[in-house]
Amino acid sequence: MLLEINNLHANVEGNEILKGINLKVNAGEVHAIMGPNGSGKSTLASVLAGKEEYEVTEGEVLYNGKNLLELSTEDRAREGVFLAFQYPVEIPGVSNTNLLKTAVNEIRKYRGEEELDSMDFLSLLKEKSKLVELDQKFLSRAVNEGFSGGEKKRNEIFQMAVLNPKLSILDETDSGLDIDALRIVANGVNKLKTKENATIVVTHYQRLLDYIIPDFVHVLYKGKIVKSGGKELALELEEKGYDWVKSDKAEAVV
Amino acid sequence: MSTTETQKIEELANKEYKFGFVTDIEADTIPKGLNEDVIRQLSAKKQEPEWMTGWRLKAYRHWLTMEEPKWPNVKYPPVNYQEISYYSAPKSTPKYKSLDEVDPELLDTYKKLGISLDEQKMLAGVAVDAVFDSVSVATTFKGKLNEMGIIFCSFSEAVREHPELVKKYLGSVVPYTDNYYATLNSAVFSDGSFVYIPKGVRCPMELSTYFRINAANTGQFERTLIIADDNAYVSYLEGCTAPMRDENQLHAAVVELVALENSQIKYSTVQNWYPGDKDGKGGIYNFVTKRGACRGTNSKISWTQVETGSAITWKYPSCILQGDNSIGEFYSVAVTNNMQQADTGTKMIHLGKNTRSTIVSKGISAGRSNNSYRGLVKIGKKAEGARNFSQCDSLLLGDKCGAHTFPYLEINNPTAQVEHEATTSKIGEDQIFYLNQRGISTEDAVSLIVNGYCKEVFKELPMEFAVEAQKLLSISLEGSVG
């Protein structure tokens, strides 16, 4: 088991957002987490990544058998947890290459591996940038500075490709993407899929799931997973809308 | 620093004072105090000609009529000018017998900067037994420079060997009446660098104080004069990234640059004097007057500075743009941490037609420090078509520090174009979280963000200086976030 979430509760500024999440993710699987706005999807992604504003009040998260919640944000990343941000931040003056070089070497150091030399590193960047059809000029540009929405998202997947995580969490990666960019991003994610890693796709719309085919779909509503199923659940949701889940939820609770 | 550590260092400091290393006060030291006799003695010991002694005395007499400036945005106890020894022999006695006696935090910094043991000893004021390679290196370079007619020597040597040049240019940019500290410096300056680049010569290497023999002992009143004759070019590096320990608390240097027709002077500084401990104790007061005159048409002077050291920094490297079409540039990164105070900026005085100036100032404040940018852009009546662009950014780390901007504009010609942009920002927690999520620790994240913020200035520094400056910045800000 790569990830096991048991009865996870989390608050932000005193409001309980996650109210008992249970989820199991095995290596090799793609899970989609869907839900209406405000259901707690992004909160779940942030809690897993270790964002400080979120206070876990109950429950546990096991990652590769380790207590994930005890690890610092950077150690989670070094252990192979990657979050593709919904709103990637701009870091003026820091080039993509510089960020990734620092990140790759920090991760290697953590794992007791030697630092990559510059030549090897650059060829790694070139190879991975092709995966998301990212122009080489983005490598020397400052992180996300002046990038379009689509470029920012592609850049997230590019970073994911370079860092080669075990568990990738894509937080609304499809938001703000036109259909071409969506296809490129999804292609990148699909190519990175192996038997050893897993992906959690957090999304509002079914659209992305036409391109990234999930093994499991979970519906999050008011801080709980109210429905789980196969990929057909996403289609059903698309057809019936979230109201269907909302009304259904009453039955589930009963 | 913990109290026990502070105590330990204080103990060491006291020990040093008690036993004092006062072994033979060398015959070459003038006792503390300042008066005309002291200046005459000082001048005599340096075997200076009559005109030089006279100049010093004029400055001293003028200094007596002046008052210490109170306008800078810094606070410090009054300096007792009679408690300073204005001349000590170049070969001062070592302050410590071994590295074990030196502040362990200082040593830690040296290690992080990758400074060799011998250099560590030299910088910390420990007796050195090895001879530096740089001495022989310097000799080699000197030969090459001589062939091209370039003069690069200590100020004292220039006074003896090239009196005509010194007489012509000394005080021509910073007159001995200029300001309190510059006037004091004119009276008692110890030594410094002299550079002359003859007509049409492009100096083939970066000139650095590091390569000048005895550079380490130029003392607290340094005086530098650089002249680029017609069509000449020179890039000069001052300072050192390693924190320099010095027992002299007051440093009042003067730097004068003269750029003649079509010539260019690039002056880069990395200033990292001892800032004092975390409570600001024992740091250097760095009161510097730096000014360049673009005398010739199409001449250009660029100042680039990275200021991370000193308890108090008070300096405004300036350009007087006399020649038509001349250009002045000022690129600055000033970092203050703990109790440090900096009041720094520039003055761009536009006198000639179509003169241009650029100011890029990046202030970074952390800890309980205070960082002020103070800058003047003055456009004279005859400066038709003058242009200035100023950008002053402040970055705050934490909520106990301060950033201040004091821009002054005096525009006396209606054709001038002057632009001023200023921003103040804090390092965003979302930026740090983003970098943490990529496996980068908070400390490294801050360092990445800060270096990104300073990039515009660092790219003006010579390559290896830029790399060192980046490292230095990270070390200066260690522990300031998180």
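Throughout, protein chains are lettered first and strands after them, A, B, ... in sequence-line order, and every chain is numbered starting at 1.
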K.L.:
Taking all atoms of both residues into account, what is the closest heavy-atom pair of A/Ala198 and A/Val25, and its distance?
P.N.:
CB-CG1, 3.6 Å
K.L.:
Report the distance from atom CG of A/Leu167 to atom CG of A/Leu3, rounding to the nearest 0.5 Å.
P.N.:
5.5 Å
K.L.:
Relative to chain A, which segment of B/Tyr453 carries a heavy atom at a distance below 4.5 Å: side chain, backbone, both, or neither?
P.N.:
backbone
K.L.:
Out of B/Lys290, B/Lys362, B/Lys315, which residue meets the salt bridge (Lys or Arg N to Asp or Glu O under 4.0 Å) rule with B/Glu307?
P.N.:
B/Lys315
K.L.:
Do B/Tyr267 and B/Glu238 have side-chain atoms, one donor and one acceptor, less than 3.5 Å apart?
P.N.:
yes
K.L.:
Quick one, B/Thr405 and B/Pro407 - any side-chain contact, counting heavy atoms below 4.5 Å?
P.N.:
yes
K.L.:
Quick one: do the B/Glu329 and B/Thr358 side chains pair a donor with an acceptor below 3.5 Å?
P.N.:
no
K.L.:
Could you tell me how the ring of B/Tyr316 sits relative to the ring of B/Trp314: parallel (under 30°), tilted (30 to 60°) or perpendicular (over 60°)?
P.N.:
perpendicular
K.L.:
Only heavy atoms, only distances under 4.5 angstrom. Which residues in residues 103-116 of chain A are near chain B?
P.N.:
A/Ala103, A/Glu106, A/Ile107
K.L.:
Rounded to the nearest 0.5 Å, what separation is found between the CG atom of B/Leu395 and the CG atom of B/Asp393?
P.N.:
9.0 Å
K.L.:
With a 4.5 Å heavy-atom cut-off (strictly below), which parts of residues 152-163 of chain A touch chain B? List them by number.
P.N.:
A/Glu156, A/Gln159, A/Leu163
K.L.:
Would you say that more than 12 heavy atoms from the other residues, nucleotides or ligands in this model lie under 6.0 Å from the CZ of B/Arg374, or not?
P.N.:
yes
K.L.:
Sort by residue number and list every member of residues 56-80 of chain A having a non-hydrogen atom under 4.5 Å from chain B.
P.N.:
A/Thr73, A/Glu74, A/Ala77, A/Arg78
K.L.:
Any side-chain donor paired with an acceptor under 3.5 Å for B/Thr313 and B/Asn286?
P.N.:
no
K.L.:
Counting neighbours of NZ on A/Lys191 that are heavy atoms of other residues, nucleotides or ligands and sit closer than 6.0 Å, is the number greater than 12?
P.N.:
yes
K.L.:
Would you check if the side chain of B/Thr308 reaches a backbone N or O of B/Val335 as a donor-acceptor pair within less than 3.5 Å?
P.N.:
no
K.L.:
For the candidates A/Val81, A/Val143, A/Asn98, A/Leu83, which exhibits the highest count of non-hydrogen atom pairs separated by less than 4.5 Å from chain B?
P.N.:
A/Leu83
K.L.:
Donor-acceptor pairs under 3.5 Å, side chain of residues 119-128 of chain A to any protein atom, not counting sequence neighbours: which ones?
P.N.:
from     : atom 1 : to       : atom 2 : distance (Å)
A/Ser123 : OG     : A/Met119 : O      : 3.3
A/Ser123 : OG     : A/Asp120 : O      : 3.0

K.L.:
Using non-hydrogen atoms only, which part of A/Pro88 is less than 4.5 Å away from chain B: side chain, backbone, both, or neither?
P.N.:
both
K.L.:
Quick one about B/Asn370 and B/Ser372 (side-chain donor to acceptor, distance below 3.5 Å, no hydrogens or angles considered), yes or no?
P.N.:
no
K.L.:
How long is the gap from NE2 on A/His204 to OG on A/Ser175, to the nearest 0.5 Å?
P.N.:
10.5 Å
K.L.:
So what's closer than 4.5 Å to chain A heavy atoms on B/Asp444: side chain, backbone, both or neither?
P.N.:
side chain
